[in-house]
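Here, residue 1 is the first one in the sequence, and each next residue gets the next number. Keep in mind that the numbers below use all heavy atoms, side chains included, and drop hydrogens, waters and symmetry copies. All ligand and atom numbering here is 1-based and tracks the order in the structure.
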Amino acid sequence: MTKPFDPTFSALPTTIFEVMSSLARELDAVNLGQGFPDDPGPEDVRAKAADAVLNGYNQYPSMMGLPETREAVARHYAHHQGLNLDAPSEVMVVSGATEALAACILSLVAPGDEVVLIQPMYDAYLPLVQRAGGVAKFVTLRPPHWRFSEEDLAAVFSDRTKLVVLNNPLNPTGSVCPREDLELLARYCVRHDVIAVCDEVWEHVVFDNHTHVPLLGIEGMRDRCVKIGSAGKIFSLTGWKVGFVMAAPRLMKVIAKAHQFLTFTTPPNLQVAVAHGLMKDDEYFRQMRQGFQAGRDHLCAGLRQLGFPVIPAQGTYFVNIDIAPLGESDDAAFCQRLVREVGVAAIPVSAFYAENHVRNVVRLCFAKKTSTLDAALERLAKLKK
Ligand code: PMP
Ligand code: GLN
């Protein structure tokens with residue numbers, strides 16, 4: 001065959017998460033790269049799924065999701081975030097946040113539309129925008145605060161802007177967007193008639209005194225914001241790939257048209273278990289956060305003791321280190337050394353930028369058992385700095 005494939009995908013490297021996890025397996029490294037907990041996850045939720053597999057719910061569910069799951073999603077967000085969502089017209093269950101992003105971007109972006117992406121950005125965003133024919137306009141965030149300013153938005157927003165994608169809390173930085181920044185972004189969306197796709201998969205994983213503020217709830221955004229959630233993150237079951245899209249009916253109708261030909265539905269047995277999990281009491285969520293926060297504090301204290309400069313994290317499963325003070329200027333090369341010389345897998349944050357704006361930051365996942373974190377720290381102590 002000599003005819004070229006679609007260049008958007010054929011020119012891409014394999015995602016950094018797969019690359020580092022494969023290396024970790026091959027080299028028997030402690031994997032603090034790809035973000036997943038090494039805890040089995042809530043037993044009652046897993047038991048519900050097992051029961052649903054054995055005792056029913058194995059045929060195609062409705063394309064929009066099981067009614068009980070959509071209802072549970074609406075009730076969950078009413079309770080936790082004060083949102084008022086109409087389950088039959090404003091909630092759709094999809095196969096992970098990844099599918100949600102694809103459905104939103106492919107259905108809302110027309111060729112030639114400008115799309116504002118805020119980098120560092122989750123690696124799926126840009127290829128999807130390009131495949132949709134969109135023209136990406138970047139806002140670039142830098143450590144340690146990872147915040148955008150009004151000048152940053154003014155430089156990229158115009159009446160040609162169709163969509164902005166916001167990830168809050170932000171992977172890989174672990175930062176939480178302050179309310180005043182959300183309000184600023186909302187003003188730009190309203191001023192230029194822009195739709196915001198808000199990837200909020202980390203909404204429940206926030207620490208200290210931070211609370212998650214959904215962009216959908218900010219003034220002016222109710223009818224122009226699409227909210228994306230992921231059960232994988234809410235229940236620490238990252239392989240489940242059950243996600244939610246929430247939006248006003250006008251947006252939902254078109255996003256559903258893309259979903260119907262991406263996956264059409266999501267495994268019903270998992271949907272039953274997720275509906276159960278979403279109704280868990282506040283104590284579950286408090287303990288989940290407390291557990292991850294303890295992991296963050298343990299890893300950060302260990303890293304600081306070893307002389308690694310830590311950039312504070314307010315949420316997600318990730319903490320970052322600044323390798324510039326160690327005399328390092330290439331995060332990708334540094335991660336290769338880490339995994340090959342001492343046996344710890346990490347993620348170079350430059351992988352989340354379209355161009356190499358920031359090359360001195362390395363992401364480590366702390367959503368692990370203390371023994372896993374200690375094993376990683378023991379190995380990191382052997383790194384020749
Ligand atoms: N968006 C962000 C910011 C993520 O970090 C992830 C995965 N960790 C996803 C989307 C994908 O979520 P899912 O596994 O539900 O597809
Ligand atoms: N979101 C996870 C992370 O940031 C990985 C997801 C994936 O492997 N695509 O580590």
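Residue Asn167 has no N or O atom closer than 3.5 Å to an N or O atom of ligand 1. In terms of polar-atom proximity, Lys233 is counted as a contact of ligand 1, with an N or O under 3.5 Å from an N or O of the ligand. Close N/O approach between Asp199 and ligand 1 is found [any backbone or side-chain N/O within under 3.5 Å]. Ligand 1 has no nitrogen or oxygen under 3.5 angstrom from a nitrogen or oxygen of Leu101. Between Ser95 and ligand 1, no N or O atom pair is found at a separation short of 3.5 Å. Between Lys241 and ligand 1, at least one N/O pair is under 3.5 Å apart. Inclusion of Arg363 in the set of residues having an N or O under 3.5 Å from an N or O of ligand 2 is warranted.
A salt bridge is absent between Arg337 and Asp330: the closest approach of a Lys/Arg side-chain nitrogen to an acidic carboxylate oxygen does not fall below 4.0 angstrom. Under the 4.0 Å criterion applied to side-chain N and carboxylate O atoms, Arg75 and Glu71 are not assigned as salt-bridge partners. For Arg131 and Asp6, the salt-bridge test passes: some basic side-chain N is under 4.0 Å from an acidic carboxylate O. Using a cut-off of 4.0 Å between Lys/Arg side-chain N and Asp/Glu carboxylate O, Arg147 and Asp152 are scored as not salt-bridged.
Under the 6.0 Å distance and 45° angle rule, Lys368 counts as a cation-pi partner of Phe36.
Heavy atoms of Trp240 come nearer than 4.0 angstrom to ligand 1 in no pair at all. Not a single heavy atom of Thr15 sits closer than 4.0 Å to an atom of ligand 2. Using a 4.0 angstrom heavy-atom cutoff, Phe36 does not count as in contact with ligand 2.
Below 30°, between 30° and 60°, or above 60°: for His76 and His204 the angle between ring planes is above 60°, a perpendicular geometry.
Tyr77 pairs in a side-chain hydrogen bond (donor to acceptor under 3.5 Å, both in side chains) with only one of the listed residues (Lys227, Glu203, Glu200), which is Glu203.
In terms of protein heavy-atom proximity, atom 12 (O) of ligand 1 is nearest to Ala97 CB, 3.4 Å. Among all protein heavy atoms, the one lying closest to atom 11 (C) of ligand 1 is Thr98 OG1, 3.4 Å. At the top of the distance list for atom 8 (O) of ligand 2, counting protein heavy atoms only, stands Gln34 NE2, 2.7 Å. Closest to atom 9 (N) of ligand 2, if we only count protein heavy atoms, is Tyr122 OH, 3.2 Å. Looking only at heavy atoms of the protein, atom 2 (C) of ligand 2 is closest to Gly35 N, 4.0 Å.
Rounded to the nearest 0.5 Å, atoms CG (Leu185) and CD1 (Ile218) are 9.5 Å apart. For the atom pair CD1 of Ile255 and CZ of Arg250, the computed distance is 10.0 Å after rounding to the nearest 0.5 Å. The distance from atom CD1 of Ile234 to atom CZ of Phe244, rounded to the nearest 0.5 Å, is 4.5 Å. Atoms CG and CG, from Asn168 and Leu215 in turn, are 8.0 Å apart once rounded to the nearest 0.5 Å.
Proximity of Phe138 to Met121: side-chain heavy atoms (C-beta onward) are separated by under 4.5 Å at one or more points.
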For this session: Dump the intermediate steps for ring pair (Phe, Tyr, Trp, His ring centres under 6.0 Å) on Tyr122 and Trp202, then the final yes or no.
Result: CA-CA 12 Å; Tyr122 190 60; Trp202 298 103; 8.9 Å; no
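Within the set Asn171, Val165, Val242, the minimum heavy-atom distance to atom 5 (O) of ligand 1 is found for Asn171.
If you look at Thr98 next to ligand 2, there are no close heavy atoms at all, none under 4.0 Å.
Close approach of ligand 2 to Asn171 (heavy-atom distance below 4.0 Å) involves ligand atoms 1 (N), 3 (C), 4 (O). If you number the atoms of ligand 1 from 1 as listed, the ones under 4.0 Å from a heavy atom of Trp202 come out as 3 (C), 4 (C), 5 (O), 8 (N). Taking every non-hydrogen atom of Gly96 and a distance limit under 4.0 Å, the qualifying atoms of ligand 1 come out as 15 (O), 16 (O). Listed by atom number, the atoms of ligand 2 under 4.0 Å from Phe318 heavy atoms are 3 (C), 4 (O), 10 (O).
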